[in-house]
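Since the structure is predicted, the reported quantities are computational estimates derived from the model, not experimental observations. To find a chain, count down the sequence lines: A is the first, B the second, and so on, and within it residues start at 1.
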2 protein chains.
Amino acid sequence: MDSKEMEVLQDYITQNNLKITKQRRAVLNVFLECENHVSAEELYKLVSEKEPKIGLATVYRTLALFTQSQLAHELDFGDGQKRYEHQFMHSHHDHMICTECGKILEFTHPLIEKFQEEVAARNGFTITSHKLHLFGICSDCR
Amino acid sequence: MDSKEMEVLQDYITQNNLKITKQRRAVLNVFLECENHVSAEELYKLVSEKEPKIGLATVYRTLALFTQSQLAHELDFGDGQKRYEHQFMHSHHDHMICTECGKILEFTHPLIEKFQEEVAARNGFTITSHKLHLFGICSDCR
DNA sequence: CCTGATTTTGAAAACTCTTTTCAAAATTTC
DNA sequence: GAAATTTTGAAAAGAGTTTTCAAAATCAGG
(Lines give C-alpha, C1' and ligand atoms only; values in the text may rest on other atoms or scores of the structure.)
Protein backbone atom coordinates (compact mmCIF):
# COMPACT_ATOMS: atom_id res chain seq x y z
CA MET A 1 0.00 0.00 0.00
CA ASP A 2 2.65 2.44 -1.03
CA SER A 3 1.53 5.96 -1.80
CA LYS A 4 1.80 7.40 -5.28
CA GLU A 5 4.51 9.62 -3.90
CA MET A 6 6.49 6.59 -2.73
CA GLU A 7 6.27 5.22 -6.24
CA VAL A 8 7.54 8.51 -7.65
CA LEU A 9 10.46 8.37 -5.26
CA GLN A 10 11.22 4.75 -6.11
CA ASP A 11 11.08 5.50 -9.82
CA TYR A 12 13.44 8.43 -9.41
CA ILE A 13 15.78 6.35 -7.29
CA THR A 14 15.99 3.41 -9.67
CA GLN A 15 16.28 5.65 -12.70
CA ASN A 16 19.28 7.35 -11.15
CA ASN A 17 21.00 4.25 -9.82
CA LEU A 18 20.37 5.25 -6.25
CA LYS A 19 19.21 3.01 -3.47
CA ILE A 20 16.01 2.65 -1.55
CA THR A 21 16.63 2.79 2.17
CA LYS A 22 14.41 2.68 5.21
CA GLN A 23 15.53 6.21 6.10
CA ARG A 24 14.28 7.56 2.79
CA ARG A 25 10.97 5.78 3.16
CA ALA A 26 10.59 7.03 6.71
CA VAL A 27 11.36 10.65 5.84
CA LEU A 28 8.94 10.54 2.93
CA ASN A 29 6.15 9.08 5.03
CA VAL A 30 6.57 11.72 7.71
CA PHE A 31 6.83 14.47 5.11
CA LEU A 32 3.61 13.33 3.48
CA GLU A 33 1.82 13.43 6.80
CA CYS A 34 2.61 17.04 7.57
CA GLU A 35 0.34 19.34 5.70
CA ASN A 36 2.13 22.55 6.57
CA HIS A 37 5.30 24.02 5.15
CA VAL A 38 8.09 22.39 7.11
CA SER A 39 11.71 23.31 7.62
CA ALA A 40 14.44 20.68 7.64
CA GLU A 41 14.77 21.02 11.40
CA GLU A 42 11.03 20.59 11.97
CA LEU A 43 10.90 17.55 9.75
CA TYR A 44 13.93 16.14 11.53
CA LYS A 45 12.15 16.43 14.88
CA LEU A 46 9.05 14.73 13.51
CA VAL A 47 11.11 11.97 11.92
CA SER A 48 13.04 11.49 15.15
CA GLU A 49 9.85 10.59 16.98
CA LYS A 50 9.44 7.55 14.78
CA GLU A 51 13.02 6.79 13.86
CA PRO A 52 15.30 8.30 16.49
CA LYS A 53 18.47 7.10 14.83
CA ILE A 54 18.00 9.13 11.64
CA GLY A 55 20.40 12.05 11.54
CA LEU A 56 19.75 15.64 10.55
CA ALA A 57 22.14 15.37 7.60
CA THR A 58 20.06 12.55 6.20
CA VAL A 59 16.94 14.66 6.42
CA TYR A 60 18.68 17.45 4.52
CA ARG A 61 19.92 15.00 1.93
CA THR A 62 16.53 13.40 1.59
CA LEU A 63 14.79 16.75 1.19
CA ALA A 64 17.22 17.53 -1.63
CA LEU A 65 16.24 14.23 -3.18
CA PHE A 66 12.55 15.09 -2.89
CA THR A 67 13.20 18.43 -4.53
CA GLN A 68 15.08 16.80 -7.41
CA SER A 69 12.35 14.24 -7.91
CA GLN A 70 9.69 16.95 -7.85
CA LEU A 71 8.01 15.54 -4.77
CA ALA A 72 8.78 18.66 -2.82
CA HIS A 73 9.12 22.31 -3.59
CA GLU A 74 11.66 24.46 -1.79
CA LEU A 75 10.45 27.77 -0.40
CA ASP A 76 12.40 30.65 1.05
CA PHE A 77 10.42 33.25 2.93
CA GLY A 78 13.56 35.16 3.81
CA ASP A 79 13.62 34.22 7.49
CA GLY A 80 16.89 32.36 7.19
CA GLN A 81 15.65 28.84 6.68
CA LYS A 82 14.18 26.98 3.77
CA ARG A 83 10.80 25.34 3.92
CA TYR A 84 9.37 22.50 1.91
CA GLU A 85 5.89 21.85 0.63
CA HIS A 86 4.36 18.95 -1.28
CA GLN A 87 4.60 19.34 -4.99
CA PHE A 88 3.39 16.08 -6.47
CA MET A 89 -0.16 16.53 -7.78
CA HIS A 90 -0.28 20.01 -6.29
CA SER A 91 -0.64 22.86 -8.72
CA HIS A 92 1.28 26.10 -8.66
CA HIS A 93 0.27 28.73 -6.13
CA ASP A 94 1.57 31.78 -4.35
CA HIS A 95 1.82 32.46 -0.62
CA MET A 96 0.55 34.86 2.01
CA ILE A 97 2.62 34.74 5.20
CA CYS A 98 1.26 36.07 8.48
CA THR A 99 4.14 37.84 10.18
CA GLU A 100 2.34 37.52 13.51
CA CYS A 101 1.65 33.79 13.82
CA GLY A 102 3.59 32.43 10.87
CA LYS A 103 0.55 30.95 9.21
CA ILE A 104 0.86 30.41 5.48
CA LEU A 105 -2.08 30.75 3.14
CA GLU A 106 -1.91 29.60 -0.44
CA PHE A 107 -3.61 31.33 -3.31
CA THR A 108 -3.59 31.73 -7.05
CA HIS A 109 -4.81 34.53 -9.19
CA PRO A 110 -4.94 33.86 -12.92
CA LEU A 111 -4.80 37.53 -13.82
CA ILE A 112 -1.70 38.12 -11.72
CA GLU A 113 -0.05 35.27 -13.59
CA LYS A 114 -1.20 36.70 -16.88
CA PHE A 115 0.13 40.18 -16.16
CA GLN A 116 3.44 38.73 -15.00
CA GLU A 117 3.84 37.10 -18.39
CA GLU A 118 2.80 40.30 -20.05
CA VAL A 119 5.28 42.53 -18.27
CA ALA A 120 8.04 39.94 -18.79
CA ALA A 121 7.34 39.69 -22.50
CA ARG A 122 7.36 43.47 -22.76
CA ASN A 123 10.95 43.35 -21.44
CA GLY A 124 12.05 40.45 -23.61
CA PHE A 125 12.27 38.27 -20.54
CA THR A 126 11.29 34.60 -20.46
CA ILE A 127 9.98 33.50 -17.08
CA THR A 128 11.09 30.10 -15.84
CA SER A 129 9.70 30.47 -12.33
CA HIS A 130 8.39 33.09 -10.03
CA LYS A 131 7.80 33.83 -6.41
CA LEU A 132 5.03 35.99 -5.02
CA HIS A 133 4.94 36.39 -1.28
CA LEU A 134 2.48 38.66 0.50
CA PHE A 135 3.52 39.45 4.07
CA GLY A 136 0.99 40.80 6.52
CA ILE A 137 -1.55 40.00 9.20
CA CYS A 138 -4.05 37.20 8.86
CA SER A 139 -7.68 37.39 9.97
CA ASP A 140 -7.00 35.48 13.21
CA CYS A 141 -4.31 37.91 14.31
CA ARG A 142 -6.27 41.11 13.96
CA MET B 1 27.91 69.42 -1.06
CA ASP B 2 26.34 66.59 0.83
CA SER B 3 23.76 64.52 -0.97
CA LYS B 4 20.16 64.43 0.14
CA GLU B 5 20.82 60.88 1.25
CA MET B 6 23.67 62.03 3.47
CA GLU B 7 21.29 64.47 5.09
CA VAL B 8 18.77 61.70 5.68
CA LEU B 9 21.47 59.62 7.32
CA GLN B 10 22.65 62.52 9.47
CA ASP B 11 19.09 63.27 10.56
CA TYR B 12 18.52 59.65 11.49
CA ILE B 13 21.80 59.52 13.36
CA THR B 14 21.24 62.64 15.41
CA GLN B 15 17.62 61.74 16.13
CA ASN B 16 18.75 58.42 17.55
CA ASN B 17 21.73 59.69 19.52
CA LEU B 18 24.16 57.92 17.26
CA LYS B 19 27.37 59.33 15.92
CA ILE B 20 28.52 60.46 12.53
CA THR B 21 31.76 58.77 11.57
CA LYS B 22 33.94 58.83 8.50
CA GLN B 23 33.26 55.12 7.99
CA ARG B 24 29.52 55.73 7.74
CA ARG B 25 30.02 58.60 5.32
CA ALA B 26 32.39 56.53 3.22
CA VAL B 27 30.07 53.51 3.05
CA LEU B 28 27.13 55.72 2.12
CA ASN B 29 29.05 57.48 -0.63
CA VAL B 30 30.16 54.21 -2.16
CA PHE B 31 26.69 52.74 -1.82
CA LEU B 32 25.17 55.72 -3.60
CA GLU B 33 27.59 55.32 -6.45
CA CYS B 34 26.70 51.73 -7.24
CA GLU B 35 23.54 51.56 -9.23
CA ASN B 36 23.12 47.81 -9.06
CA HIS B 37 21.84 45.64 -6.26
CA VAL B 38 24.88 45.01 -4.09
CA SER B 39 25.61 42.41 -1.46
CA ALA B 40 27.46 43.30 1.74
CA GLU B 41 30.56 41.56 0.46
CA GLU B 42 30.49 43.43 -2.84
CA LEU B 43 30.01 46.74 -1.11
CA TYR B 44 32.84 45.88 1.28
CA LYS B 45 35.18 45.31 -1.64
CA LEU B 46 34.20 48.60 -3.25
CA VAL B 47 34.59 50.44 0.03
CA SER B 48 37.97 48.83 0.61
CA GLU B 49 39.32 50.40 -2.55
CA LYS B 50 38.81 53.84 -1.09
CA GLU B 51 39.11 53.13 2.62
CA PRO B 52 41.11 49.94 3.06
CA LYS B 53 40.90 50.03 6.83
CA ILE B 54 37.12 49.70 7.01
CA GLY B 55 36.12 46.24 8.18
CA LEU B 56 33.43 43.94 6.84
CA ALA B 57 31.54 44.08 10.13
CA THR B 58 31.25 47.83 9.78
CA VAL B 59 29.79 47.47 6.32
CA TYR B 60 27.20 45.03 7.66
CA ARG B 61 26.40 47.36 10.54
CA THR B 62 26.17 50.35 8.25
CA LEU B 63 23.87 48.56 5.83
CA ALA B 64 21.60 47.76 8.76
CA LEU B 65 21.64 51.45 9.60
CA PHE B 66 20.72 52.35 6.02
CA THR B 67 17.86 49.89 6.14
CA GLN B 68 16.56 51.33 9.40
CA SER B 69 16.80 54.87 8.08
CA GLN B 70 15.00 53.87 4.89
CA LEU B 71 17.96 54.73 2.70
CA ALA B 72 18.31 51.15 1.58
CA HIS B 73 15.98 48.27 1.00
CA GLU B 74 17.02 44.73 1.79
CA LEU B 75 16.37 42.11 -0.88
CA ASP B 76 16.64 38.36 -0.72
CA PHE B 77 16.59 36.52 -4.02
CA GLY B 78 17.08 33.20 -2.29
CA ASP B 79 20.68 32.68 -3.34
CA GLY B 80 22.01 32.78 0.21
CA GLN B 81 22.99 36.40 0.47
CA LYS B 82 21.09 39.60 0.94
CA ARG B 83 21.29 42.44 -1.49
CA TYR B 84 20.64 46.12 -1.01
CA GLU B 85 19.13 48.72 -3.29
CA HIS B 86 18.57 52.43 -2.91
CA GLN B 87 15.27 53.27 -1.38
CA PHE B 88 15.31 57.01 -0.80
CA MET B 89 13.22 58.72 -3.48
CA HIS B 90 12.78 55.41 -5.27
CA SER B 91 9.27 54.09 -5.50
CA HIS B 92 8.18 50.52 -4.95
CA HIS B 93 8.87 48.00 -7.67
CA ASP B 94 9.23 44.29 -8.27
CA HIS B 95 12.15 42.38 -9.77
CA MET B 96 13.00 40.14 -12.69
CA ILE B 97 16.20 38.19 -12.14
CA CYS B 98 18.09 36.64 -15.04
CA THR B 99 19.33 33.29 -13.82
CA GLU B 100 21.93 33.27 -16.58
CA CYS B 101 23.82 36.53 -16.07
CA GLY B 102 22.37 37.72 -12.79
CA LYS B 103 21.00 40.93 -14.27
CA ILE B 104 18.13 42.45 -12.35
CA LEU B 105 15.34 44.35 -14.05
CA GLU B 106 12.84 46.39 -12.09
CA PHE B 107 9.22 46.75 -12.98
CA THR B 108 5.82 47.65 -11.62
CA HIS B 109 2.40 46.67 -12.72
CA PRO B 110 -0.50 48.53 -11.13
CA LEU B 111 -2.97 45.78 -11.86
CA ILE B 112 -0.80 43.12 -10.25
CA GLU B 113 -0.72 45.30 -7.14
CA LYS B 114 -4.45 45.76 -7.30
CA PHE B 115 -5.19 42.05 -7.61
CA GLN B 116 -2.82 41.29 -4.75
CA GLU B 117 -4.87 43.55 -2.51
CA GLU B 118 -8.01 41.97 -3.83
CA VAL B 119 -7.01 38.39 -3.15
CA ALA B 120 -5.65 39.36 0.28
CA ALA B 121 -8.87 41.12 1.24
CA ARG B 122 -10.84 38.12 0.09
CA ASN B 123 -8.89 36.08 2.66
CA GLY B 124 -9.17 38.64 5.45
CA PHE B 125 -5.45 39.30 5.13
CA THR B 126 -3.88 42.74 5.49
CA ILE B 127 -0.73 43.15 3.40
CA THR B 128 2.15 44.98 5.00
CA SER B 129 4.70 44.19 2.31
CA HIS B 130 5.16 41.91 -0.61
CA LYS B 131 7.78 40.39 -2.80
CA LEU B 132 7.39 39.47 -6.43
CA HIS B 133 10.38 37.94 -8.13
CA LEU B 134 10.31 36.63 -11.69
CA PHE B 135 13.19 34.30 -12.47
CA GLY B 136 14.11 33.57 -16.05
CA ILE B 137 16.26 34.50 -19.01
CA CYS B 138 16.75 38.09 -20.13
CA SER B 139 16.83 39.25 -23.72
CA ASP B 140 20.64 39.41 -23.78
CA CYS B 141 21.02 35.79 -22.72
CA ARG B 142 18.81 34.21 -25.31
C1' DC C 1 21.66 -16.28 -1.12
C1' DC C 2 26.45 -14.93 -1.13
C1' DT C 3 29.87 -11.58 -2.78
C1' DG C 4 31.59 -7.46 -4.11
C1' DA C 5 30.95 -2.92 -6.03
C1' DT C 6 28.55 1.08 -4.96
C1' DT C 7 25.71 4.02 -2.28
C1' DT C 8 24.05 5.69 2.07
C1' DT C 9 24.36 6.71 6.72
C1' DG C 10 25.36 9.25 11.23
C1' DA C 11 28.47 12.17 13.56
C1' DA C 12 31.38 15.60 13.34
C1' DA C 13 33.73 19.02 10.93
C1' DA C 14 33.48 22.50 7.52
C1' DC C 15 31.25 26.17 5.16
C1' DT C 16 28.82 30.56 4.09
C1' DC C 17 26.84 34.51 5.40
C1' DT C 18 25.86 37.38 9.19
C1' DT C 19 26.01 38.99 13.97
C1' DT C 20 28.23 39.65 18.30
C1' DT C 21 32.02 40.41 21.54
C1' DC C 22 35.56 43.18 23.35
C1' DA C 23 39.11 46.39 24.14
C1' DA C 24 40.86 50.40 21.86
C1' DA C 25 39.71 54.51 19.28
C1' DA C 26 36.62 58.09 17.89
C1' DT C 27 32.78 61.28 18.59
C1' DT C 28 29.93 64.38 21.06
C1' DT C 29 28.61 66.98 25.23
C1' DC C 30 29.37 70.07 28.84
C1' DG D 1 39.54 69.69 27.01
C1' DA D 2 37.69 65.83 29.86
C1' DA D 3 34.17 62.51 30.50
C1' DA D 4 30.45 59.76 28.90
C1' DT D 5 28.97 57.22 25.18
C1' DT D 6 29.24 55.17 20.74
C1' DT D 7 31.82 53.05 17.07
C1' DT D 8 35.38 50.47 15.24
C1' DG D 9 38.25 46.35 13.53
C1' DA D 10 39.48 41.74 14.41
C1' DA D 11 38.25 37.68 15.86
C1' DA D 12 34.94 34.61 17.66
C1' DA D 13 30.36 33.01 17.64
C1' DG D 14 26.02 31.76 15.49
C1' DA D 15 22.59 29.77 12.38
C1' DG D 16 21.47 26.97 8.78
C1' DT D 17 23.23 23.90 5.56
C1' DT D 18 26.65 20.95 3.26
C1' DT D 19 30.56 17.93 3.19
C1' DT D 20 33.78 14.46 4.90
C1' DC D 21 34.78 9.92 6.29
C1' DA D 22 34.69 5.36 7.87
C1' DA D 23 31.23 1.95 8.83
C1' DA D 24 26.90 -0.01 7.43
C1' DA D 25 23.41 -0.97 4.08
C1' DT D 26 21.79 -1.94 -0.59
C1' DC D 27 21.58 -4.45 -4.73
C1' DA D 28 23.45 -6.77 -9.04
C1' DG D 29 25.36 -10.84 -10.84
C1' DG D 30 26.83 -15.35 -10.29
Side-chain angles (χ1 to χ4, degrees), chain A residues 6 9-28 30-31 37-69 72-84 102, chain B residues 6 9-28 30-31 37-69 72-84 102:
Chain A
M6 188 63 79
L9 181 63
Q10 292 182 350
D11 284 357
Y12 183 86
I13 283 178
T14 49
Q15 276 167 34
N16 290 80
N17 296 313
L18 304 177
K19 291 174 181 177
I20 295 165
T21 64
K22 53 176 152 313
Q23 289 92 336
R24 286 173 176 172
R25 288 166 174 283
V27 176
L28 180 54
V30 174
F31 177 61
H37 301 69
V38 284
S39 65
E41 200 80 36
E42 283 164 1
L43 187 58
Y44 168 63
K45 280 187 191 127
L46 291 169
V47 167
S48 295
E49 292 171 15
K50 299 200 170 182
E51 297 284 344
K53 298 217 196 81
I54 292 182
L56 179 57
T58 297
V59 173
Y60 272 105
R61 284 184 284 228
T62 309
L63 279 169
L65 193 60
F66 293 170
T67 303
Q68 289 158 33
S69 60
H73 188 231
E74 201 175 80
L75 297 169
D76 183 353
F77 295 133
D79 64 341
Q81 58 181 19
K82 291 173 187 163
R83 281 159 212 285
Y84 297 83
Chain B
M6 188 63 78
L9 181 63
Q10 291 183 350
D11 284 356
Y12 182 86
I13 283 178
T14 49
Q15 277 166 34
N16 290 80
N17 296 314
L18 304 176
K19 292 175 179 175
I20 295 164
T21 64
K22 55 177 151 315
Q23 288 90 337
R24 287 174 174 171
R25 289 167 174 282
V27 176
L28 180 55
V30 174
F31 177 61
H37 300 70
V38 282
S39 65
E41 200 81 37
E42 283 165 1
L43 187 57
Y44 169 64
K45 280 188 190 127
L46 291 170
V47 168
S48 294
E49 291 171 14
K50 298 199 170 180
E51 297 284 343
K53 297 216 198 83
I54 292 182
L56 178 57
T58 296
V59 173
Y60 272 104
R61 285 185 284 231
T62 308
L63 280 169
L65 193 62
F66 293 171
T67 304
Q68 289 157 34
S69 59
H73 188 232
E74 201 175 80
L75 297 168
D76 183 353
F77 295 134
D79 65 341
Q81 59 181 18
K82 291 174 186 160
R83 281 160 210 285
Y84 297 83

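Note: OH (Y44(A)) to C1' (dG16(D)) measures 14 Å, nearest angstrom. For the pair K53(B) NZ and dA10(D) P, the computed distance is 10 Å after rounding to whole Å. With rounding to whole Å, E42(A) atom CD is found 15 Å from dA15(D) atom C1'. Residue N16(A) contributes atom CG, which lies 19 Å from atom P of dT26(D) at whole-angstrom precision. Rounding to whole angstrom units, CD1 of residue I54(A) and P of dA11(C) are separated by 11 Å. At whole-Å resolution of the value, CG in L65(A) and C1' in dT7(C) are 12 Å apart. A straight line from CD of E51(A) to C1' of dT8(C) spans 15 Å, rounded to a whole angstrom. Rounding to whole angstrom units, CG of residue L63(B) and P of dT8(D) are separated by 12 Å.
The side-chain hydrogen bond (donor to acceptor under 3.5 Å, both in side chains) search around D76(B) returns none, not counting sequence neighbours. Listed by chain and residue number, F66(B), H86(B) satisfy the ring-ring contact (aromatic ring centres under 6.0 Å, His included) test with F31(B) (two or more places apart in sequence, or in another chain). Under the ring-ring contact (aromatic ring centres under 6.0 Å, His included) criterion, F77(A) pairs with H95(A), H133(A), not counting sequence neighbours. Residues passing the side-chain hydrogen bond (donor to acceptor under 3.5 Å, both in side chains) test with Q81(B): none are found, sequence neighbours excluded. The ring-ring contact (aromatic ring centres under 6.0 Å, His included) test applied to H73(A) returns no partner, not counting sequence neighbours. Evaluation of the ring-ring contact (aromatic ring centres under 6.0 Å, His included) rule for Y60(A) yields no partner, not counting sequence neighbours.
For residues 17-26 of chain B, no pair satisfies side chain to side chain donor-acceptor pair (under 3.5 Å), with sequence neighbours left out.
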Across nucleotides 18-30 of chain C, 5' to 3', mark each nucleotide with B, S or - according to how protein heavy atoms within less than 4.0 Å reach it.
BBBB----SBS--
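One end of the helix from dC1(C)-dG30(D) to dC30(C)-dG1(D) points its axis 30° away from the other end's axis, with each axis taken from 5 pairs and the angle rounded to 10°.
Taking 4.5 Å as the limit, some side-chain heavy atom of L18(A) sits within range of a side-chain heavy atom of L65(A).
Here the CD atom belonging to E51(B) is positioned 13.0 Å from the CG atom belonging to L46(B), to the nearest 0.5 angstrom.
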